[in-house]
2 protein chains.
Amino acid sequence: MKKNVIDDCDLKYVLDIISDKWSVFVILTLSEKKVVRFNELQKLLKGISQKMLTASLRKLEGNKLVERRVFGEIPPKVEYTLSSIGLSLVPHIKNVVEWAVNNVDEIKSVDHNL
Amino acid sequence: MKKNVIDDCDLKYVLDIISDKWSVFVILTLSEKKVVRFNELQKLLKGISQKMLTASLRKLEGNKLVERRVFGEIPPKVEYTLSSIGLSLVPHIKNVVEWAVNNVDEIKSVDHNL
DNA sequence: CCGAATCCTCGAAGATACTG
DNA sequence: CAGTATCTTCGAGGATTCGG
């Protein structure tokens, strides 16, 4: 079932998922590393707090973009991977990334307080 | 001059521009209407306040994605259009839009409080 | 190691009123 | 018509502590 019109609400919903401070970077990191444990992810995403990483992962998991595997071990081990839907989003994000890389120098305003 | 590596800071900079509440919709609306006046834009973007529309437009203008033409008339008349750089971003945004339309139903979590 | 729980700050964003 | 100026609210996100 394919929709023919652009639905603002659908876009809003998706933007709400990926337009926070870290989600895009979580997704990109997962797409590079394939499988990543929580701690490794936190190290790769320099600057993110545990709380926000957890929140970001939970949100992505709740929206089926990310899969979470818990191993019943001591010490705990939890692996995160992109779902197939999550993977299908990656190329589109990478397009924006590429655009960004090619255009930042030109758009970057002198006044960084904008 | 083309860069070969993905620069997180560049991406952060661009995401900072387009990941607020309205910028994406401003850009999409401008890409449809080509030329839009302030008031018309506010009507099209149902729900946006004058303050946020102004802020959004100033930010986009400051980053050269949007152009602003002021007519010295009474009553005032100001037209907004996408710059060529802004236009070059549109297809990438539309790709995400299309992905969103095609996948929201599947990813939408039951718990809307996520 | 992987979080959950708590407290706190700060800026995004809304509401309202005013102006050239 | 196209904003600016204030005031206020609200929640994203940080820091820290605690637990299985």
Side-chain angles (χ1 to χ4, degrees), chain A residues 8 12-27 29-30 33 35-63 66-81 109 111-114, chain B residues 8 12-27 29-30 33 35-63 66-81 109 111-114:
Chain A
D8 272 9
K12 253 174 203 163
Y13 186 87
V14 172
L15 287 180
D16 184 59
I17 299 174
I18 62 175
S19 72
D20 59 30
K21 192 172 178 180
W22 294 102
S23 292
V24 168
F25 293 101
V26 171
I27 292 172
T29 304
L30 287 179
K33 296 289 181 177
V35 183
V36 196
R37 295 181 62 177
F38 187 89
N39 252 12
E40 192 187 354
L41 203 43
Q42 193 180 6
K43 283 168 199 158
L44 293 170
L45 299 167
K46 296 180 195 299
I48 194 174
S49 64
Q50 279 188 343
K51 177 188 169 184
M52 292 317 296
L53 180 54
T54 301
S56 199
L57 287 168
R58 290 285 180 282
K59 193 170 184 178
L60 293 171
E61 188 196 0
N63 287 289
V66 161
E67 285 165 3
R68 182 170 179 262
R69 285 187 64 198
V70 181
F71 299 80
E73 302 176 357
I74 302 294
K77 178 178 175 182
V78 180
E79 286 180 351
Y80 292 92
T81 56
S109 57
D111 184 358
H112 284 218
N113 292 329
L114 276 177
Chain B
D8 272 9
K12 253 173 202 164
Y13 186 86
V14 172
L15 288 180
D16 184 59
I17 300 173
I18 62 176
S19 72
D20 59 30
K21 193 173 179 181
W22 295 102
S23 291
V24 168
F25 294 100
V26 171
I27 292 172
T29 303
L30 287 180
K33 297 289 180 177
V35 182
V36 196
R37 294 180 63 176
F38 187 89
N39 253 13
E40 190 186 355
L41 202 44
Q42 193 181 7
K43 281 168 198 157
L44 292 169
L45 300 166
K46 295 179 194 298
I48 195 173
S49 64
Q50 279 188 341
K51 177 188 169 184
M52 291 316 296
L53 179 53
T54 301
S56 200
L57 287 168
R58 290 286 181 281
K59 193 170 182 178
L60 293 171
E61 188 195 0
N63 288 288
V66 161
E67 285 164 4
R68 182 170 179 262
R69 285 187 62 199
V70 182
F71 299 79
E73 301 176 357
I74 302 293
K77 178 177 175 182
V78 180
E79 287 181 350
Y80 292 92
T81 56
S109 56
D111 184 358
H112 283 218
N113 292 329
L114 276 180

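Residue numbers begin at 1 in each chain, while the letters A, B, ... track the order of the sequences.
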Colleague: Assess whether side-chain contact (heavy atoms from CB on, under 4.5 Å) is satisfied between B:R68 and B:E79, documenting all intermediate values.
Modeller: CA-CA 6 Å; B:R68 182 170 179 262; B:E79 287 181 350; over 6 Å; no
Colleague: Just the rounded figure in Å: distance from C1' of D:dA2 to NZ of B:K43.
Modeller: 12 Å
Colleague: Given D:dT4, is OP1 or OP2 found less than 4.0 Å from the side-chain N or O atoms of B:R58?
Modeller: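 Checking D:dT4 against B:R58, a side-chain N or O does come within under 4.0 Å of OP1 or OP2.
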Colleague: Contact class for A:F71 (heavy atom, under 4.0 Å): base, sugar-phosphate, or nothing?
Modeller: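 No contact.
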Colleague: Protein within reach of the bases, or only the backbone? For nucleotides 13-20 of chain D, mark each nucleotide 5' to 3' as B, S or -, using heavy atoms under 4.0 Å.
Modeller: BBB----B
Colleague: What is the distance, to the nearest angstrom, from the CD1 atom on B:I74 to the C1' atom on D:dG3?
Modeller: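 Roughly 12 Å, once rounded to whole Å.
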Colleague: State which residues pass side-chain hydrogen bond (donor to acceptor under 3.5 Å, both in side chains) with A:S56; sequence neighbours excluded, sorted by chain then number.
Modeller: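 By the side-chain hydrogen bond (donor to acceptor under 3.5 Å, both in side chains) rule, A:S56 matches A:S23.
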Colleague: Output a table of donor-acceptor pairs, distance under 3.5 Å, between side-chain atoms of residues 35-53 of chain B and any protein atom two or more places apart or on a different chain; print 'none' if there are none.
Modeller:
unit_1 : atom_1 : unit_2 : atom_2 : d
B:R37  : NH2    : B:P76  : O      : 3.3
B:Q42  : NE2    : B:I48  : O      : 3.4
B:S49  : OG     : B:M52  : N      : 3.3

Colleague: Rounded to whole angstrom units, what separation is found between the CG atom of B:L57 and the P atom of D:dC1?
Modeller: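 Answer to the nearest Å: 17 Å.
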Colleague: Give the rounded distance in Å between these two atoms: CD of B:E73 and P of D:dG3.
Modeller: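 Result: 13 Å.
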Colleague: Look at B:R37 and D:dA2 and indicate whether a side-chain polar atom (N or O) is within less than 4.0 Å of OP1 or OP2.
Modeller: yes
Colleague: Please determine whether the number of non-hydrogen atoms from other residues, nucleotides or ligands lying under 6.0 Å from atom NZ of B:K77 exceeds 12.
Modeller: yes
Colleague: Less than 4.0 Å between a side-chain N and a carboxylate O, is that true for B:K21 and A:D16?
Modeller: no
Colleague: With a 4.5 Å cut-off on side-chain heavy atoms, are A:E67 and A:Y80 touching?
Modeller: no
Colleague: With rounding to the nearest 0.5 Å, note down the distance linking NZ in A:K33 to OG1 in A:T29.
Modeller: 8.5 Å
Colleague: Quick one: which of B:I27, B:L60, B:V24 gives a side chain to side chain contact (heavy atoms under 4.5 Å, CB included) with B:I17?
Modeller: B:L60
Colleague: Which heavy atom in B:V66 sits nearest to a heavy atom in B:L30, and how many Å separate them?
Modeller: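 That would be CG2-CD1, 3.6 Å.
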Colleague: Taking 5' to 3' order, which nucleotide of DNA chain C is first and which is last to have an atom within less than 4.0 Å of a heavy atom in chain B?
Modeller: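 On DNA chain C, the outermost contacted nucleotides are C:dA13 to C:dG20.
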Colleague: Could you tell me which residues satisfy side-chain hydrogen bond (donor to acceptor under 3.5 Å, both in side chains) with A:R69, sequence neighbours excluded, listed by chain and number?
Modeller: none
Colleague: Have a look at the helix from C:dC1-D:dG20 to C:dG20-D:dC1 and give the angle its two end axes make, five pairs each, rounded to 10 degrees.
Modeller: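 It comes to 50° between the two terminal axes.
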